[in-house]
Visitor: 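To start, I am sharing the structure in question, which I have written as structure tokens.
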Amino acid sequence: MTLVEKMLARASGKASVKPGDIVLPEPELVILHDGYVETAYKQLHDIGYRRVTHPERVVFVTDHQVVYTTPASILRGRANRRIAGEWRIGHFHDAGQGGHGHLFPMENGLVRPGMFLFAYDMHCTNFGAIGAFAMRAGPSVVSVLATGTTWTVVPHTLRVTLEGEAPPGVHPRDVGFWLAHRLTSGELGVEFDYRVVEFGGSYCDRLPLSGRVALCNTLTEIGVLNIVFPPMSPLGSARDSTWLESDGDARFEHTLVLDVSNLAPQVALPGAPDQAVAVGDTVGIAIDQAYLGSCGSGMYEDFQAAADVLAGHRVASGVRFLVVPGTVETAKRMARDGLTQRFLDAGAILLPPGCGPCAGGAGGPLASGEVSISTAATNGQGRMGAKDAHCYLGSPLTVAASAIAGRIADPRRAP
């Protein structure tokens with residue numbers, strides 16, 4: 001079996017499963033973010049539920065509205081605290097307690113390699129970076145809260161082996177944009193909808209956790225079910241004998257072998273992360289805002305790489321450069337190591353750990369007609385403010401270089 005088939009089999013109490021089987025896996029955790037808690041509560045309350053199954057396994061994270069900016073967000077935060085108490089939720093992370101819900105659970109050991117979990121939000125695919133498998137349940141998460149599970153179809157797995165060494169200036173987010181475009185354009189000739197992408201190869205073997213997270217996150221929006229890597233520990237602890245990995249004779253639906261050695265930095269055009277082109281095709285487009293953070297590029301190494309590009313320079317006049325650490329621990333480390341000061345000295349604006357502007361423009365919306373480049377998880381119309389704003393995506397290196405230049409810039413030629 002593949003890694004994911006093994007995890008679903010174990011969670012479903014079965015000796016084995018195969019693609020197409022319908023199973024009822026029991027999750028070790030169920031994760032909801034602050035924007036959906038009240039809706040889930042109302043849906044269950046309206047049909048008579050006064051408690052949830054296994055509340056000790058339920059996780060509420062506060063990352064979309066960390067700072068209350070509207071009367072509605074104030075009331076939502078108060079309701080979430082009340083619901084967490086009424087339902088006796090086992091893991092409630094209020095504002096300022098953890099940070100981004102797709103990042104800090106790996107950091108603090110709440111999500112561990114080999115775990116199976118359900119989550120409301122699709123970017124729970126991040127947990128595949130350490131070899132955990134989180135399925136997005138969406139609104140069906142209320143069924144999981146009520147009964148402890150929901151029916152699931154065992155997916156096919158696409159094995160992607162990445163070889164070679166990426167050139168200077170090329171970040172794992174660039175690799176993700178490039179691969180997403182090649183998959184959705186049909187260039188690679190494989191199905192990916194409701195498939196799991198399992199990564200491997202010499203390029204992946206050298207990636208730190210932040211690089212794995214970048215790849216897991218960037219492919220999420222194209223319709224894959226999930227993305228996984230062989231298990232690793234984010235804390236550097238010894239390998240656990242319960243961790244799983246694909247068998248040597250596992251049956252992958254397709255196997256792709258790709259070389260990243262000649263890849264250029266990529267920019268995703270407004271609309272979707274898979275609308276990727278080489279950065280040279282967009283160089284010179286004037287920007288109003290740059291944003292560094294989100295669940296795709298919110299780890300310490302992302303900010304360290306951007307700070308290196310920024311060193312000795314100032315943010316261009318007329319550009320807002322928003323910097324949002326992914327987690328509270330990342331923010332603390334940035335402060336200890338001097339990264340925070342470097343960003344502030346350059347003229348950046350530091351926002352509290354969480355989703356930042358990626359959550360509908362919270363804390364930094366775009367006005368009509370404005371242009372941004374960011375490391376956001378996605379860039380659909382209206383994602384970060386006005387519907388006629390233009391949202392480009394790039395790596396932390398490209399975003400930092402663009403903030404300095406005042407226009408989209410090639411990080412290989414940053415001043």
Visitor: Is there a donor-acceptor pair closer than 3.5 Å between any side-chain N or O of H91 and the backbone N or O of V58?
Guide: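 Here the side-chain-to-backbone pair does not exist.
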
Visitor: Show your reasoning for whether side chain to side chain contact (heavy atoms under 4.5 Å, CB included) applies to V190 and R195.
Guide: CA-CA 10 Å; V190 298; R195 266 67 172 181; over 6 Å; no

Visitor: May I ask you to decide whether D34 forms a salt bridge with R76, counting only side-chain N to carboxylate O separations under 4.0 Å?
Guide: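 Looking at D34 and R76, the cut-off is not met.
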
Visitor: Rounded to the nearest 0.5 Å, how far does CD1 of I287 lie from CZ of R320?
Guide: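 The distance works out to 10.0 Å.
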
Visitor: Would you say the side-chain atoms of T330 and T327 include a donor-acceptor pair closer than 3.5 Å?
Guide: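 Yes, a side-chain donor-acceptor pair sits under 3.5 Å.
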
Visitor: State, with a plain yes or no, whether a side-chain heavy atom of V160 is found less than 4.5 Å away from one of F192.
Guide: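 Side-chain contact under 4.5 Å: no.
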
Visitor: Is the shortest side-chain heavy-atom distance between P55 and W87 below 4.5 Å?
Guide: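 The answer is no, as the side chains (C-beta and beyond) never meet within the 4.5 Å cut-off.
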
Visitor: Might you work through the side-chain hydrogen bond (donor to acceptor under 3.5 Å, both in side chains) test for D63 and H93, ending with a clear yes or no?
Guide: CA-CA 9 Å; D63 52 14; H93 298 269; over 6 Å; no

Visitor: Quick one: does K6's side chain get under 4.5 Å of D247's, heavy atoms only?
Guide: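 Yes, close enough: below the 4.5 Å cut-off.
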
Visitor: For E26 and T149, does a side-chain donor sit closer than 3.5 Å to a side-chain acceptor?
Guide: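 Result is no, nothing qualifies.
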
Visitor: State which residue, out of T125, N126, N226, fulfils the side chain to side chain donor-acceptor pair (under 3.5 Å) condition with T220.
Guide: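 The passing option is T125.
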
Visitor: S395 versus F177: any side-chain heavy-atom pair under 4.5 Å?
Guide: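 No, side chains not in contact.
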
Visitor: Could you tell me the separation between the OG atom of S402 and the CG atom of L397, rounded to the nearest 0.5 Å?
Guide: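 Spacing of OG (S402) from CG (L397) equals 10.5 Å.
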
Visitor: Quick check: do V267 and D281 have side-chain heavy atoms less than 4.5 Å from each other?
Guide: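 Heavy-atom side-chain distance check fails, nothing below 4.5 Å.
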
Visitor: To the nearest 0.5 Å, what is the distance between CD on E38 and CG on N80?
Guide: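 It is 6.5 Å, given to the nearest 0.5 Å.
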
Visitor: Pair F303, T340 - check side chain to side chain contact (heavy atoms under 4.5 Å, CB included), show working.
Guide: CA-CA 9 Å; F303 299 100; T340 298; over 6 Å; no

Visitor: Looking at T157 and F252, would you say the former's side chain and the latter's main chain have a donor-acceptor pair under 3.5 Å?
Guide: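 The answer is no, because no donor-acceptor pair under 3.5 Å joins these two groups.
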
Visitor: Nearest 0.5 angstrom please: H123 NE2 to L103 CG, how far?
Guide: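 The CG atom of L103 is 11.5 Å from NE2 of H123, to the nearest 0.5 Å.
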
Visitor: Strictly distance-based, threshold 3.5 Å: is any side-chain N or O of E370 a donor or acceptor partner for the main-chain N or O of G385?
Guide: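 Checked: no pair found.
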
Visitor: How long is the span from the CD atom in Q341 to the CG atom in L350, to the nearest 0.5 Å?
Guide: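 Going from CD on Q341 over to CG on L350, the span is 10.5 Å.
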
Visitor: The test is salt bridge (charged side-chain N to carboxylate O under 4.0 Å, His left out); show your working for R342 and D337 and say whether it passes.
Guide: CA-CA 10 Å; R342 289 165 66 181; D337 294 353; over 6 Å; no

Visitor: Using 30° and 60° as the class boundaries, would you call the ring planes of H100 and H64 parallel, tilted or perpendicular?
Guide: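 Tilted, since the angle between the ring planes falls between 30° and 60°.
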
Visitor: What is the distance from atom CG of D410 to atom OG1 of T398, rounded to the nearest 0.5 Å?
Guide: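 Taking CG in D410 and OG1 in T398, the distance rounds to 7.0 Å.
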
Visitor: Fit a plane to each ring of F116 and F133, take the angle between them on a 0 to 90° scale, and name the class: parallel (under 30°), tilted (30 to 60°) or perpendicular (over 60°).
Guide: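 Correct class here is tilted.
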
